[in-house]
Amino acid sequence: MTTTTPDLITRDACVAADQSDPLASFRDRFRLPDGVIYLDGNSLGPLPKQALERARQVIESEWGRDLITSWNTNGWFDLPVRIGTKISRLIGGQAGACVATDTTSINVFKALGAALAVQAEDQPGRKVVISERDNFPTDLYMTEGMVEFLDHGYELKLVDDDSTLDDLLGDDVAVVLFTHVNYRTGRLWDLVGVTQQIHAAGALAIWDLCHSVGALEVAVSEAGADFAIGCTYKYLNGGPGSPAFIWVADRHLARARQPLSGWWGHAKPFDMAVSYAPADGIRRFLCGTQPITSLAMMEVGVDIALSADMALVREKSLALTSLFIGLVEQRLPDHPLTLITPRSHEERGSHVSLRHPDGFAVMKALIANGVLGDYREPEVLRFGITPLYLGYADVWDAVETLRRVLDENLWMAPEFQLREAVT
Ligand SMILES: *Cc1c(COP(=O)(O)O)cnc(C)c1O
């Protein structure tokens, strides 16, 4: 790296910043192991203490004692919509247009199926779906699956270094599926501007909010988005594999049909009718029986996010990511690190990614030394910045550990070269 930040940042300054941090009290709501600086909350958020309590309740009392009556008496049946309504507030959607269910991958399929069906009615000639080569792979895999499954001449085209969205947006485009914050680089799209651009070309916009929800202010309704999806186990701290969500704009809801027409999306599931008739409203985006214990624990994480002022979260996130970048440049100028996260605040999400030719081993050594980030191909060290439980001194200490791992070549140890199933 070449540019340096002018003022030398001291650890004392970081400690002082922590002392006047309006979000500082949130940290106590999470269980975080001693001796660990957790910079991977953008991949799996930590455990909210309250979730343990809720897990005990849903398992012991609701399942253990109330058994099947819980569907009615403990609100199980309404849980996906109740939590969805809360998530809708976090993403600036209207009430009743969001449901917590399934995985993001499955919700990509449902949103895409619904969007393509809307377009097939309104503008039948449009057969192209646009996404990004650099998108999270499952979004592309699910789109490929949909295109092949439909077998009606649909085609996936990708924005990349050689072709911009503008280049690809012709009158053959039905849908654009973009991810708001890129999982690898942390680059943030302009939700409003890009949605306008997509609409101006007559296409519909599906936004993947996996790395945005809980990390920054999102306003899907105001932006005019058509569909949105995202997961809850990252910045919403919902727990491993906790259900994802799907949001649908009001104007599409009444006629949007999704392809996974299971009984939970039926207007009257317990009529046990022979034919499918979609429920009114967002329930039609459900498929089958929901993972209640997982949903219940996830709601705790959603409630914490709702109780935080997202503007403050965003402000602190930008301060911490800027601090991280500044410290790396000041304290590690002589190592082959390349910042791949945009510097401009308007284009930056809530993580910082650095390329290093031996990134994999460097990350393994960092983890062994108590700084948990993660590694993404190719050569990318990824550091998730989560303002609810991370402070300024944490960032200082994490960069200091990175300096030690690099200055002392700790990453060269043979045990850090080995790859496991999950990186
Ligand atoms: C994390 C992430 C996913 C994960 O999808 P799952 O179905 O929950 O495994 C999908 N898309 C994006 C953009 C992500 O960041």
Side-chain angles (χ1 to χ4, degrees), residues 84 88 91 93-94 97-99 101-132 135-136 138-159 165 168-180 189 191-192 194-210 212 218 220-221 223-231 244-262 265 278-279 281-287:
S88 204
I91 62 171
Q94 61 281 34
C98 183
V99 71
T101 183
D102 297 330
T103 63
T104 300
S105 303
I106 292 174
N107 289 337
V108 166
F109 195 80
K110 293 191 292 191
L112 193 56
L116 289 175
V118 165
Q119 287 289 51
E121 264 179 52
D122 292 353
Q123 314 184 72
R126 292 176 177 258
K127 296 287 188 188
V128 171
V129 177
I130 295 179
S131 194
E132 314 160 76
N135 205 342
F136 191 88
T138 204
D139 296 47
L140 302 181
Y141 302 162
M142 295 308 288
T143 306
E144 279 178 32
M146 172 61 78
V147 163
E148 278 170 35
F149 173 76
L150 286 176
D151 192 25
H152 282 319
Y154 285 100
E155 187 189 347
L156 170 62
K157 290 187 180 171
L158 300 176
V159 168
L165 180 59
L168 297 182
L169 266 179
D171 59 8
D172 55 349
V173 177
V175 175
V176 177
L177 166 62
F178 264 26
T179 293
H180 193 203
W189 284 114
L191 193 72
V192 175
V194 174
T195 303
Q196 275 169 2
Q197 193 186 351
I198 292 166
H199 285 172
L204 296 181
I206 304 176
W207 285 100
D208 187 327
L209 304 176
C210 277
S212 336
V218 184
V220 282
S221 288
D226 296 287
F227 297 83
I229 51 184
C231 61
F245 64 86
I246 179 164
W247 170 87
V248 181
D250 265 350
R251 62 186 174 281
H252 299 305
L253 202 50
R255 66 167 172 150
R257 295 282 293 256
Q258 57 99 353
L260 302 181
S261 46
I282 195 66
R283 283 201 82 92
R284 65 176 53 189
F285 278 81
L286 293 174
C287 180

Query raised in the report: Could you give the distance from CG (D139) to OG1 (T143), rounded to the nearest 0.5 Å?
Result: 6.5 Å
Requested in this report: Evaluate the side-chain proximity of Q197 to L165: yes if any heavy-atom separation is below 4.5 Å, no if none is.
Outcome: yes
Report task. Locate the shortest heavy-atom distance separating P259 from M146; write the atom from each residue and the value. Result -> CG-CE, 4.0 Å
Query raised in the report: Under the 3.5 angstrom rule, does the side chain of K127 hit a backbone N or O of H152 as a donor-acceptor pair?
Result: yes
Report task. For I130 and L168, work out which heavy atoms get closest and say how close. Result -> CD1-CB, 3.5 Å
Query - Trace of the side-chain contact (heavy atoms from CB on, under 4.5 Å) decision for F245 with I91 - result: CA-CA 11 Å; F245 64 86; I91 62 171; 4.0 Å; yes
Report task. Considering non-hydrogen atoms only, spot the tightest contact between F109 and G145 and give its length. Result -> CE1-C, 4.3 Å
Query - Working for side-chain contact (heavy atoms from CB on, under 4.5 Å), residues R284 and Q258 - result: CA-CA 8 Å; R284 65 176 53 189; Q258 57 99 353; 5.6 Å; no
Query raised in the report: Is K157 close to V129 at the side-chain level, that is, under 4.5 Å between some pair of heavy atoms?
Result: no
Report task. Give a yes or no answer on whether the side chain of Q119 reaches the backbone of G202 with a donor-acceptor pair at less than 3.5 Å. Result -> yes
Report task. Indicate yes or no: at least one non-hydrogen side-chain atom of I106 is less than 4.5 angstrom from one of T104. Result -> no
Query raised in the report: At what distance, to the nearest 0.5 angstrom, does NE2 of H180 lie from CG of L209?
Result: 7.0 Å
Query raised in the report: Measuring from F136:CZ to D208:CG, what's the distance to the nearest 0.5 Å?
Result: 9.0 Å
Query raised in the report: With a 4.5 Å limit on heavy-atom distance, are the side chains of E132 and W189 in contact?
Result: yes
Query - Test side-chain contact (heavy atoms from CB on, under 4.5 Å) applied to L116 and V175, step by step - result: CA-CA 7 Å; L116 289 175; V175 175; 3.7 Å; yes
Query raised in the report: Hey, does V108 have a side-chain heavy atom less than 4.5 Å from the side chain of T138?
Result: no
Report summary line: For R255 and V118, the nearest pair of non-hydrogen atoms, with its separation, is NH2-CG1, 3.4 Å
Requested in this report: May I ask you to test the L260-D102 pair for a side-chain heavy-atom distance under 4.5 Å?
Outcome: no
Query - Non-hydrogen side-chain atoms of I246 and K110 separated by less than 4.5 Å - result: yes
Report task. Mind running side-chain contact (heavy atoms from CB on, under 4.5 Å) on N107 and T101 for me, showing each step along the way? Result -> CA-CA 8 Å; N107 289 337; T101 183; 4.0 Å; yes
Query raised in the report: If you round to the nearest 0.5 Å, how far is OG of S88 from CD1 of I282?
Result: 8.5 Å
Query raised in the report: Do the side chains of Y154 and F149 get nearer than 4.5 Å, heavy atoms only?
Result: no
Report task. Could you tell me the separation between the CD1 atom of I229 and the SG atom of C98, rounded to the nearest 0.5 Å? Result -> 11.5 Å
Query raised in the report: What are the two closest heavy atoms between S221 and W247, and how far apart are they?
Result: OG-CZ2, 3.8 Å
Query raised in the report: Backbone N or O of A174 within a donor-acceptor pair of the Q123 side chain at under 3.5 Å?
Result: no
**Report entry** Partner of S131 under side-chain contact (heavy atoms from CB on, under 4.5 Å), chosen from I206, L112, L140
**Finding:** L140
Requested in this report: Examine the side chains of S212 and W207 and answer whether a donor and an acceptor come within less than 3.5 Å of each other.
Outcome: no
Requested in this report: Could you tell me which non-hydrogen atom of L169 sits nearest to which non-hydrogen atom of A201, and how far apart they are?
Outcome: CD2-CB, 3.8 Å
Requested in this report: Taking atom types as modelled, find out whether H252 and D226 have a side-chain donor-acceptor pair closer than 3.5 angstrom.
Outcome: yes
